[in-house]
Participant: 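Quick one: this structure, given as structure tokens, is what I'll be asking you about.
Below, chain A is the first sequence line, B the second, and so on; all start at residue 1.
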Amino acid sequence: MTKGNAARVIYWFRTDLRVTDSPALQAALNLPNLQAFYPVWCWDPNYVYGHKVGLNRWSFLLESMQAVSEEMTAINPKQRLHVVRGPPEIVLPIMWESWGITHLVFERDANAYAKVRDARIFSLAREKGVEVVDVHGRHLYDPVEVVKANGNKPTTTLHQWQNAVKKLGAIGKVAPTPTALPDPGDVKLKIGKRENYKWPHVDKNADIRTGKDTCFDSLSGPEGDYAVPTMEEMGYGPSTTTIRGGTVEGHKRLAAFLGDAPAVASFSKPNTAPTSLEPSTTLLSPYLKFGCIGVRELWWGSKETIAQWEKDGSKGAKKTKEPENMFGQLEFRDMYAAAETGQPHFERIRGNGMCKFIDWGLQNQYDKEGKEIVPRPKGDDEDEERLAAWREGRTGFPWIDACMRQLKHEGWIHHLARHSVACFITRGQCYISWERGMEVFDEWLIDWDPASNPGNWMWLSCSAFFSQYFRVYGLVSWPSKTDKSGALVRKYCPELKDFPDKYIYAPHTAPESVQKKANCIIGKDYPFPMLDEHVEKDRCIARLKDAYALNLHGDSPEVLDGTAMGLLRDRHGESGAGERKGKEEREEEKRESKRRKTGDGSLDGFVKKAKKERVEG
DNA sequence: GTGAAGTTGTGGTT
DNA sequence: AACCACAACTTCAC
């Protein structure tokens, strides 16, 4: 637009359901001669129908849309979030034409899905003479810039990310909250019916749709007022989560965290408890995911809180450092974003150059061109049953089952509980592809993120980022570290609630008399463990060792031409990695290991001891 | 090339 | 609570 002309602006909300700390919103409001301002959400049926998402995330999203709408109405009674029912590439051009739009402004979103969508919008806007302004704001640093600074490579360690951002200057300050919003102009659309775009023919959420959806009947909603759709209009019943969405709720949680200075200063993720009934972490991730709070509010808020606390004397309490502290957590979030942005096919194995090839069961299957994911062939019944039992929380391991039931019910579990269940289904015991686990988290987690979720699944499965595959989370030992009484198990697996503490994580080891007294017979009222934890752990480690030795990645020719699986299975045949060891054999190995230990020790042990003596001497 | 470090393992000892 | 041994991965700094 030439200078002096009036600006008629659509602010397109996507990842940023807030008015605070929004550099993109600020940029929109700073446009000169702002005449009309339309805050818009494009309610895309392709996403609503085509992406499997549980009730809890839908309800959180709708509440968050409603909350930001009310925030805007509070600033200007004529304002609201205008929810336009249709795919953005269809409804945005209708709005541009109907409302005389000159500018489209939004927060930049560099993940693979958004990149494709936004490229189409950029090109359409160019055709129609609408100026697009996209502004970074979702992360501490723009992931696209981080990838450039990292030699055009995805970041694979936190150190890489930290070194890359040194070249990018300081983290942006919290963007100011607008105190005024211009009015929207006329909101009438020239085309108001849904027939103008292709109706999606696949409904991946049919299994949870309990009624008829009406929310796509017209572009401006049933009342013609662009209101936020309700769960009912989507054809859904109520959600089950206790976590409420929205920028108000998010800011309450943020303020509660920042108000406890010693907690902010000494935050240490590894020392929080995954077993806790009340979250031992901040529970801010869903609000960051939907942009209900700005990441800089948390970053700078934490910095200021700690600075003030130190000024006030800080009473000798311990301050934690990166990466365990809150800043480290946010840096990891950014690191995954820069990894996703820089790595094609980040969300799958095939074609993903940073992902180790491991011969997991139930991997994605592809068509002949290797492009489209096709349904898995029948026949892998044991793996399918293990996956189903894991998903449904009936593995026979109370800790795993409690976590999975909590995940489905609340849409949230503690970060370390995610580690535990992810390790179990992949490299720990089940040897099932992380792609399958990732899908379940995608469906059920409210805070699901297109970069953090695949990234963490690769991390936990030792496919990328992390490689110490012999460190396996115990199904009894791990939860016992923070809660010997099994409170989370008693809540989410109530059939086990009367077992004594001693057996709560392994009820199948309880004598029959104890099971009877607890009114729960293992194998009847609660499942017997679906596998032997230690036998499967040993098999997994042996197979990971073979896979690491073969050292193929998602973009290796052997993976692309389909021969990798055979190569690795042959290797297992030679190493004996695939075989199940009997109990006797395991006992013998344990005795052997003990002999080594009580004898003159392994070479490494000897070297270390000698070194220590050298240092001390 | 070498050695240390790497967000969050287990099981044992001190 | 802090240390080691287990058996041994990748990255990074020197």
Side-chain angles (χ1 to χ4, degrees), chain A residues 150-151 153-164 266-276 280-281 318 320-336 339 354-356 358 399 413-424 427-429 452 455-456 458-482 505 533-534 537-538 540-551 553 589-616:
Chain A
N150 193 47
K153 284 197 284 261
T155 48
T156 57
T157 68
L158 191 60
H159 278 294
Q160 275 177 17
W161 181 89
Q162 287 166 334
N163 287 331
S266 66
F267 185 88
S268 169
K269 188 60 149 296
N271 295 323
T272 55
T275 46
S276 175
S280 59
T281 47
K318 212 180 111 191
T320 46
K321 297 195 191 102
E322 278 121 324
E324 70 184 89
N325 63 12
M326 179 51 75
F327 307 108
Q329 306 307 303
L330 293 176
E331 290 176 5
F332 268 110
R333 174 174 176 267
D334 257 54
M335 189 273 283
Y336 280 133
M354 72 158 59
C355 180
K356 276 234 154 69
I358 298 162
W399 166 241
I413 51 176
H414 188 280
H415 186 67
L416 298 179
R418 301 179 196 194
H419 280 210
S420 195
V421 299
C423 180
F424 173 76
R427 70 178 166 88
Q429 275 81 24
S452 297
N456 275 312
M458 281 188 268
W459 182 300
L460 265 300
S461 63
C462 286
S463 300
F465 303 106
F466 180 75
S467 50
Q468 284 161 260
Y469 52 76
F470 38 86
R471 291 186 185 171
V472 177
Y473 293 84
L475 304 176
V476 177
S477 55
W478 173 251
S480 299
K481 276 208 311 197
T482 44
Y505 294 119
E533 174 184 354
H534 301 289
K537 173 182 162 179
D538 291 347
C540 283
I541 290 173
R543 284 179 289 186
L544 264 292
K545 189 176 173 177
D546 283 346
Y548 269 56
L550 190 61
N551 197 28
H553 292 80
E589 276 190 5
K590 266 191 189 163
R591 282 195 291 272
E592 173 63 29
S593 158
K594 210 159 201 173
R595 271 200 293 278
R596 280 201 301 272
K597 207 164 143 188
T598 50
D600 52 3
S602 67
L603 186 62
D604 273 3
F606 178 76
V607 170
K608 272 183 189 162
K609 200 178 160 196
K611 206 183 293 172
K612 197 182 166 196
E613 277 162 6
R614 207 162 57 223
V615 169
E616 283 166 356

Participant: Can you tell me which nucleotide in C:dC9, B:dT8, C:dC12 comes closest to the side chain of A:Tyr469?
Facilitator: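 Of the options given, the side chain of A:Tyr469 lies nearest C:dC9.
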Participant: Specify the separation, in whole Å, of atom NE2 of A:His159 and atom P of B:dA4.
Facilitator: 16 Å
Participant: Work out how far the C1' atom of B:dG6 is from that of C:dA8, and round it to whole angstrom.
Facilitator: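 Between the two C1' atoms, the distance is 14 Å.
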Participant: Please tell me if A:Ser477 has a side-chain N or O lying less than 4.0 Å from either OP1 or OP2 of B:dT10.
Facilitator: yes
Participant: Quickly work out the A:Asp546 CG to C:dC9 P distance and round it to whole Å.
Facilitator: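 Taking atom P of C:dC9 as the reference, CG of A:Asp546 is at 12 Å.
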Participant: Say whether A:Ser268 and A:Thr320, considering side chains only, have a donor N or O and an acceptor N or O under 3.5 Å apart.
Facilitator: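 Not at all, the side chains of A:Ser268 and A:Thr320 share no donor-acceptor pair under 3.5 Å.
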Participant: Measure the distance from OH on A:Tyr473 to P on B:dT10 and round it to the nearest whole Å.
Facilitator: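 Distance, rounded to whole Å: 8 Å.
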Participant: Only pairs with both distances under 3.5 Å count, Watson-Crick or wobble alike; so what is the partner of B:dG11 in this structure?
Facilitator: C:dC4
Participant: Consider the side chain of A:Gln468, meaning its heavy atoms from C-beta on, and name the nucleotide among C:dA8, B:dG9, B:dG6 that approaches it most closely.
Facilitator: B:dG6
Participant: Side chains of A:Phe332 and A:Trp161, heavy atoms from C-beta outward: is any pair under 4.5 Å?
Facilitator: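 SC-SC contact between A:Phe332 and A:Trp161 ruled out.
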Participant: If only side-chain N and O atoms of A:Lys545 are considered, is one of them under 4.0 Å from the OP1 or OP2 phosphate oxygen of C:dA8?
Facilitator: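 Affirmative; the distance criterion is met.
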Participant: I need the CG-P distance between A:Leu158 and C:dA13, as an integer number of Å.
Facilitator: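 Taking atom P of C:dA13 as the reference, CG of A:Leu158 is at 13 Å.
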Participant: In this structure, how many angstroms lie between the P atom of B:dT8 and the CZ atom of A:Phe267, rounded?
Facilitator: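 In whole Å, B:dT8 P lies 15 Å from A:Phe267 CZ.
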Participant: Which nucleotide wins on minimum distance to the side chain of A:His415, given the candidates B:dT10, B:dT7, C:dC12?
Facilitator: B:dT7
Participant: From C-beta outward on A:Gln160, which listed nucleotide comes closest to its side chain: B:dT10, C:dT11, C:dC9?
Facilitator: C:dT11
Participant: Select from A:Arg471 and A:Asn551 the residue whose nearest nucleotide in DNA chain C is closer to the 5' end of that strand.
Facilitator: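 By nearest-heavy-atom nucleotide position, the 5'-most residue is A:Arg471.
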Participant: Can you tell me how far P of B:dG11 sits from CG of A:Asp538, to the nearest Å?
Facilitator: 12 Å
Participant: Atom NE2 in A:His534, atom CG in A:Asp538: separation rounded to 0.5 Å?
Facilitator: 9.0 Å
Participant: Strictly below 4.0 Å: does A:Asn163 bring a side-chain N or O up to OP1 or OP2 of C:dA13?
Facilitator: yes
Participant: Check the orientation of A:Tyr473 and A:His419. Use parallel for under 30°, tilted for 30 to 60°, and perpendicular for over 60°.
Facilitator: perpendicular
Participant: What interatomic distance, in whole Å, is found between P of C:dC6 and the corresponding atom of B:dT2?
Facilitator: 22 Å
Participant: Quick check, does A:Tyr548 stack with C:dC9? I mean ring centres under 5.5 Å and planes off by under 30°.
Facilitator: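 Aromatic stack with C:dC9 absent for A:Tyr548.
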Participant: With sugar-phosphate meaning primed atoms plus P, OP1 and OP2, does A:Gly474 contact a base, only sugar-phosphate, or nothing at under 4.0 Å between heavy atoms?
Facilitator: sugar-phosphate
Participant: Which residue, A:Glu324, A:His414, A:Gln329, forms the side chain to side chain donor-acceptor pair (under 3.5 Å) with A:Lys269?
Facilitator: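 Among A:Glu324, A:His414, A:Gln329, the one that satisfies the side chain to side chain donor-acceptor pair (under 3.5 Å) with A:Lys269 is A:Gln329.
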Participant: Would you measure the distance from the P atom in C:dA1 across to the matching atom in B:dT7 and give it in whole Å?
Facilitator: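 It works out to 24 Å between them.
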Participant: Whole-Å distance between B:dG9 P and A:Leu460 CG?
Facilitator: 10 Å
Participant: Would you say the side-chain atoms of A:Gln160 and A:Thr155 include a donor-acceptor pair closer than 3.5 Å?
Facilitator: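 There is no such pair (donor and acceptor under 3.5 Å, judged by atom type) between the side chains of A:Gln160 and A:Thr155.
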Participant: Nearest whole angstrom, please: distance from the P of B:dT8 to the CD of A:Gln329.
Facilitator: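 From A:Gln329 CD to B:dT8 P: 11 Å.
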Participant: Below the 4.0 Å mark, does C:dT10 have OP1 or OP2 next to a side-chain nitrogen or oxygen of A:Lys356?
Facilitator: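 Yes, such a contact exists.
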